[in-house]
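The structure appears below as structure tokens.
Below, read A as the first sequence line, B as the second, and so on, with proteins coming before strands; counting in each chain starts at 1.
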Amino acid sequence: LDYAIVVALQIASGIATLLIVSLGLAVVFGMMRVINLAHGEFLMLGGYAAVLSYAHGANVWVSILLVPPIVVGIVGAIVERLLIRNLYGRMIDTMLATWGLSLSLIGAVSMTLGNSVNGFSAPLGSFEIGRFHFAFYGLFLVAAAATLSLGTWATLRYTNIGLLARGTMQNREMASALGVSPHRVYAITFTVGAALSGLAGGLIAPLSGVVPTMGTAFIAKAFITVITGGAAMLTGTLTASVLLGGVWTIATFLSTPVFGEVALLLVAIVLLRLLPRGITGRFLRRAL
Amino acid sequence: MKATILHIVAACIAAALAILLLPHVLELFALINATVFVSLSVLALSLGLIWGFGGILCFGQTTFFGLGAYTYAVAAINFGDTTWAVPLALAVPTLMAAALGYLMFFGRISDVYMGVITLTVTLILFAFVNSTAGDQWTIGSAALGGFNGIPGTPPLNWPGDPDTTLEPAQIFIVAVICLVVCYAIAKLTLLTRFGRVAVAIRENELRAELLGYDVRLHKLGLFALGGWMAGLAGILFANCVFVSPTLFSLSYAGQVIIWVLVGGLGTLVGPIVGCILMQALTRYAGTLSNLDPNLVLGCVLMVVVLAVPRGLLPTLGTLLPWRRQ
């Protein structure tokens with residue numbers, strides 16, 4: 001029984017990790033139809049922001065929860081202004097330009113901060129279930145994932161900004177005619193998406209360690225999750241995270257982490273063959 | 001038709017010049033480097049064909065490149081003779097491309113999703129091959145070797161004669177011939193009915209479909225041809241450098257796209273020119289100790305997308321005086 005509980009907790013924290021990592025991407029892709037291939041590097045910058053601020057004596061919670069989203073949010077705002085804004089509506093070009101950004105961020109960070117693995121141990125310690133130890137931080141990740149998705153949902157559903165954002169997403173010309181500046185909405189959305197990616201980077205930094213190339217480890221998973229989710233960005237990402245995160249963690253348990261990833265990919269490809277428009281292309285269409 | 005033959009003849013002449021001159025002019029190391037450039041040009045050409053003429057944006061062309069190289073190395077070590085290793089190493093990436101293409105095109109997955117899926121496949125292979133260190137990961141007598149790859153890949157030998165292996169200069173000649181043959185195959189394919197339909201699909205997929213062409217099948221065919229060509233590039237590459245997981249890595253996958261884009265999308269010479277230019281630039285950047293090559297590549301990609309989105313060759317073409325009218 002103890003073993004079953006630990007496995008269940010592992011699966012839950014696996015799903016939470018996947019959701020946290022994908023959320024920033026889902027917001028940017030779902031709202032703006034911009035595929036941000038530098039998403040992984042935003043995670044990486046968030047991780048570095050957390051590690052560096054912790055190393056300079058900041059409180060561990062401040063350096064996980066506060067510094068990364070602010071730093072990466074600012075980076076996101078600059079990137080939007082210089083790069084993304086010139087390429088709206090040109091999906092492939094945006095993809096290529098953000099890929100260029102991704103490569104240069106990896107290059108710039110390895111030049112300035114070096115290629116070694118940085119990190120700090122997760123706060124909160126662990127508790128015992130029978131013979132097994134489980135870190136409280138895993139539970140914290142689950143709570144964080146729940147809070148983040150609830151927060152995003154509530155913002156989109158109930159606030160004025162959320163309404164404007166959804167309106168612009170549905171019909172850009174109409175929103176523009178009604179006096180909303182799409183450029184501003186896009187700029188804010190991208191910044192928020194970047195801040196979410198930064199926060200995700202901060203949250204996973206204690207678990208995965210921080211290297212300049214860490215983004216590539218997450219970007220594939222994040223993309224597959226968002227795409228499998230389909231059009232409704234929040235519900236889609238949520239359901240896809242549960243499904244793929246479950247498969248990933250269970251396969252990792254049964255064999256090795258690499259096969260966990262292979263299983264995740266295979267399930268996602270087969271799923272896309274059956275449901276080419278993602279999970280929410282068929283089910284839960286009207287959800288957010 | 002006439003123009004195509006003219007282009008192919010010009011390519012043959014250029015190749016003949018390269019074969020006759022370069023092995024005498026270049027030193028051994030430079031010659032092996034040149035072979036690397038040529039093999040990567042074949043890879044760039046394969047992506048230039050399927051992306052520029054089929055409209056299939058494959059972010060993971062390195063999947064087939066790496067598979068070709070690995071299959072070749074493993075088969076050559078096991079057979080002790082490369083005569084049958086080569087066709088096998090061409091078949092595996094082609095089949096992989098066909099299988100992947102079936103899942104994507106018959107699932108009617110849109111462009112962007114396709115890019116992400118192909119990228120993910122190559123990244124997963126990268127992770128998988130990286131983890132194959134140790135004795136339990138052997139195929140026959142060839143150890144996969146994880147991160148270190150397979151050092152000492154056997155070079156090509158004369159068909160049916162395992163004892164006569166080719167010298168680096170001869171491998172260079174084989175590589176150049178392969179590049180020209182691939183170029184000619186691509187050019188001639190575009191002349192056939194199949195190639196014309198593929199271009200029509202790139203222009204307007206819905207219209208092509210309404211006119212009664214099977215879009216899925218044509219895309220699948222072109223994609224498999226691209227996979228075959230990338231596999232050939234992998235074999236050539238395995239002959240001058242050894243086989244390692246970096247073949248599947250994000251940086252190679254990214255570079256191929258950059259080459260095609262810099263050279264010019266929708267041309268066949270463009271990707272080759274882009275490949276050689278960017279390779280030379282990367283090599284040069286590598287010698288600058290205080291500059292990371294990734295940074296240079298990334299900046300070039302951003303600048304090209306923002307400033308010359310059509311690529312160098314088409315942009316230069318419009319500047320030529322006799323093309324002005």
Looking only at non-hydrogen atoms, find the nearest pair between B/Cys299 and A/Ser104 and report the distance.
N-OG, 4.0 Å
Looking only at non-hydrogen atoms, find the nearest pair between B/Leu306 and A/Leu82 and report the distance.
CD1-O, 4.5 Å
Quick one: CE on B/Met302 to CG on A/Leu96, what's the gap to the nearest 0.5 Å?
12.0 Å
Using a cut-off of under 4.5 Å for heavy-atom pairs, which of A/Ile106, A/Leu264, A/Ile224 has the most such pairs with chain B?
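Looking at each option in turn, the highest pair count goes to A/Ile224.
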Beyond-backbone contact of B/Leu119 with A/Ile219, side-chain heavy atoms, under 4.5 angstrom:
no
Quick one: which residues of residues 261-275 of chain B reach chain A at under 4.5 angstrom, heavy atoms only?
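So the qualifying residues are B/Leu261.
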Are there residues of residues 52-63 of chain B whose heavy atoms fall under 4.5 Å of chain A's heavy atoms? If so, which?
B/Leu57, B/Phe59
Apply side-chain hydrogen bond (donor to acceptor under 3.5 Å, both in side chains) to A/Glu80 and list each qualifying residue two or more places apart in sequence or on a separate chain.
A/Arg85, A/Tyr88
For B/Val121, which atoms come within 4.5 Å of any heavy atom of chain A: side chain, backbone, both, or neither?
both
Measure B/Phe126 against the heavy atoms of chain A and call it side chain, backbone, both or neither at under 4.5 Å.
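Interface part for B/Phe126: neither.
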Please set out all donor-acceptor pairs under 3.5 angstrom arising from side-chain atoms of residues 17-31 of chain A, sequence neighbours excluded.
unit_1, atom_1, unit_2, atom_2, d
A/Thr17, OG1, A/Ser13, O, 2.6
A/Ser22, OG, A/Leu18, O, 2.6

Applying a strict 4.5 Å limit to non-hydrogen atoms, the region of A/Leu105 in contact with chain B is neither
